[in-house]
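First the structure, in the form of structure tokens, and then the observations on it.
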Amino acid sequence: MKNKEILYLVIPCYNEQEVLHETTSRLTEKLNNMINQEQISPDSKILYVNDGSKDNTWKIIEELNASNPLIQGLNLARNRGHQNALLAGLMTAKEHADMVISMDADLQDDINVVDEFVKKYYEGNDIVYGVRSARKKDTFFKKFTAQGFYKLMLMMGVDLVYNHADYRLMSKRSLENLESFKEVNLFLRGIVPQIGYQSTIVEYERNERFAGESKYPLKKMLAFATDGITSFSIKPIRMITTIGILIFLASICMALWSIIQHFRGVTTAGWTSLIVSIWAIGGLQILAVGIVGEYVGKVYLESKHRPRYIIEKYLK
Ligand code: UDP
Ligand code: MG
């Protein structure tokens, strides 16, 4: 059974008419090589997911599907964003494939490491993460914001693989388990490590886009980061509680200090009571918001209906 298993490449596409032909020829060559070397089954495919593109992307996918036996297409009813398009592709591919690799349409992620992904899969890994070894070719701005993003996420307690985007291999059973994560706000990079199973990383160098432009402007990146943090962590709520407690403690110190000042007779009448109430009420209010937040956070986490465990093996 080992070797010659079916590999699917899942590629979300949003307005990618400039890159599709080139991407297809590079990937077709890659897959055919791997099929000829008997690394993967001849039933392996490339699955393009059209994420409601406004240009000719879907028309090109239809043409490619008609002319190239390796190409399949999935058309979403409208634009749902990269993560949702990717999930649609993964869930479709898992019905036919033994392993699935997700990558971007612009092939910025080096496709030469696909062999290595597959090798690691045959060695028994269910998930193989592609990790960028260096960011020599990124602009300073992209590098700075992207690395800041990982640091912030780790600080917020989100379990992430550092410098890993969505270039990864997943086995059929890990995809089946991914399906049991029911949340609507999808942040795959955070969810996949939660599945567990044996996993490993493969390093690669990330290239520039060979055509077309990035569909991830700063605004989308910020929204993505906010989504990532608020989907996995209630630390921001905890911070509010902490601030509340600190201010309330400060108010007690202020109270003592202003009472001393009062008896030393260096204050104007009314100042003491005023200043102490401002601090105490402020602190108590923030603390109260934090406590309410704790419950909101619990409700939020419950409402995701995430699986409580995933079984790796059952010996019988
Ligand atoms: N993408 C998508 N839907 C969107 C935005 C992007 O499917 O709403 C796809 C896009 O076609 C590409 C991948 O997501 O295959 C990554 O986008 P891009 O290369 O623009 O991001 P960057 O590499 O600049 O971060
Ligand atoms: Mg890109």
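Just so we're clear, the structure is a prediction, and the values are computed from it rather than from any experiment. Note that ligands are numbered from 1 as they come in the structure, with each ligand's atoms numbered from 1 the same way.
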* Specify the protein heavy atom at minimum distance from atom 3 (N) of ligand 1: its residue, its atom name, and the distance to 0.1 Å. => D51 OD2, 2.6 Å
* Asked: Would you say Q108 reaches the Mg ion (ligand 2) with an N/O/S atom under 2.8 Å?
  -> yes
* Short list, please: which atoms of ligand 1 are under 4.0 Å from a heavy atom of E16? -> 10 (C), 11 (O), 12 (C), 15 (O)
* Asked: Has ligand 1 got any nitrogen or oxygen that is less than 3.5 angstrom from a nitrogen or oxygen of A85?
  -> no
* **Under-4.0 Å salt bridge between E176 and K172** => no
* May I ask you to check whether over 12 heavy atoms, not counting those of E213, lie within 6.0 Å of atom CD? => no
* Structure fact -> With heavy atoms and a 4.0 Å threshold, my read on which part of D104 contacts ligand 1 is both
* To do: Can you spot which of H82, K54, K215 makes a side-chain hydrogen bond (donor to acceptor under 3.5 Å, both in side chains) with Y14?
  => K54
* **Atoms in ligand 1 flagged as close to C13, the criterion being non-hydrogen separation under 4.0 Å** => 7 (O), 11 (O)
* **Subset of ligand 1 atoms that lie under 4.0 Å from at least one heavy atom of P12** => 7 (O), 9 (C), 10 (C), 11 (O), 12 (C), 15 (O)
* Over 12 foreign heavy atoms within 6.0 Å of OH, Y300 -> yes
* With heavy atoms of A105 as the reference, note each atom of ligand 1 found under 4.0 Å away. => 15 (O)
* Structure fact -> Closest to atom 1 (N) of ligand 1 (heavy atoms only, candidates Y14, Y48, F224) is Y14
* **Per-atom contacts of ligand 1 with S214, taking only distances under 4.0 Å to non-hydrogen atoms** => 20 (O), 21 (O), 22 (P), 24 (O)
* Min heavy-atom dist R209 to ligand 1 below 4.0 Å -> yes
* Asked: Hey, does K215 come in under 3.5 Å of ligand 1, counting only N/O atoms on both sides?
  -> yes
* To do: Return the residue, atom name and 0.1 Å-rounded distance of the protein heavy atom closest to atom 25 (O) of ligand 1.
  => K142 NZ, 3.2 Å
* **Parallel, tilted or perpendicular: rings of F117 and Y167 (30°, 60°)** => tilted
* Under-4.0 Å salt bridge between E183 and R306 -> yes
* Asked: Any idea which part of H82 is under 4.0 Å from ligand 1, heavy-atom wise: side chain, backbone, both or neither?
  -> both
* Asked: Is a side-chain donor-acceptor pair under 3.5 Å present for Q198 with D126?
  -> no
* Structure fact -> Any heavy atom of N79 under 4.0 Å from ligand 1? The part involved is side chain
* To do: Determine, step by step, whether L70 and N32 satisfy the side chain to side chain contact (heavy atoms under 4.5 Å, CB included) criterion, reporting the C-alpha distance in whole Å, the side-chain angles of both residues, the deciding distance to 0.1 Å, and the verdict.
  => CA-CA 9 Å; L70 287 178; N32 279 330; 3.8 Å; yes
* For atom NZ of K304, is the number of surrounding heavy atoms from other residues, nucleotides or ligands below 6.0 Å larger than 12? -> yes
* For the Mg ion (ligand 2), which N, O or S atom of D106 is at the shortest distance? -> OD2
* Please say which of I101, L169, T200 ends up in a side chain to side chain contact (heavy atoms under 4.5 Å, CB included) with Y121. => L169
* Answer with side chain, backbone, both or neither: which part of R80 has a heavy atom less than 4.0 angstrom from an atom of ligand 1? => neither
* Is a salt bridge present between E16 and R209, judged by a nitrogen-to-oxygen distance below 4.0 Å? -> yes
* To do: Can you spot which of R132, E205, R206 makes a side-chain hydrogen bond (donor to acceptor under 3.5 Å, both in side chains) with Q108?
  => R206
* Where ligand 1 meets K220 - atom numbers and elements under 4.0 angstrom, heavy-atom basis -> 5 (C), 8 (O)
* At what distance is the nearest protein heavy atom to atom 19 (O) of ligand 1, and which residue and atom is it? -> D106 OD2, 2.5 Å
* To do: Using a strict 4.0 Å cut-off to heavy atoms of G81, name the atoms of ligand 1 that fall inside it.
  => 3 (N), 8 (O)
* Looking at atom 21 (O) of ligand 1, what's its closest protein heavy atom, distance included? -> Y216 CD1, 3.3 Å
* Asked: Which part of R206 is near ligand 1, with near meaning a heavy atom under 4.0 Å away: side chain, backbone, both or neither?
  -> side chain
* **D166 and R189 ion-paired at < 4.0 Å** => yes
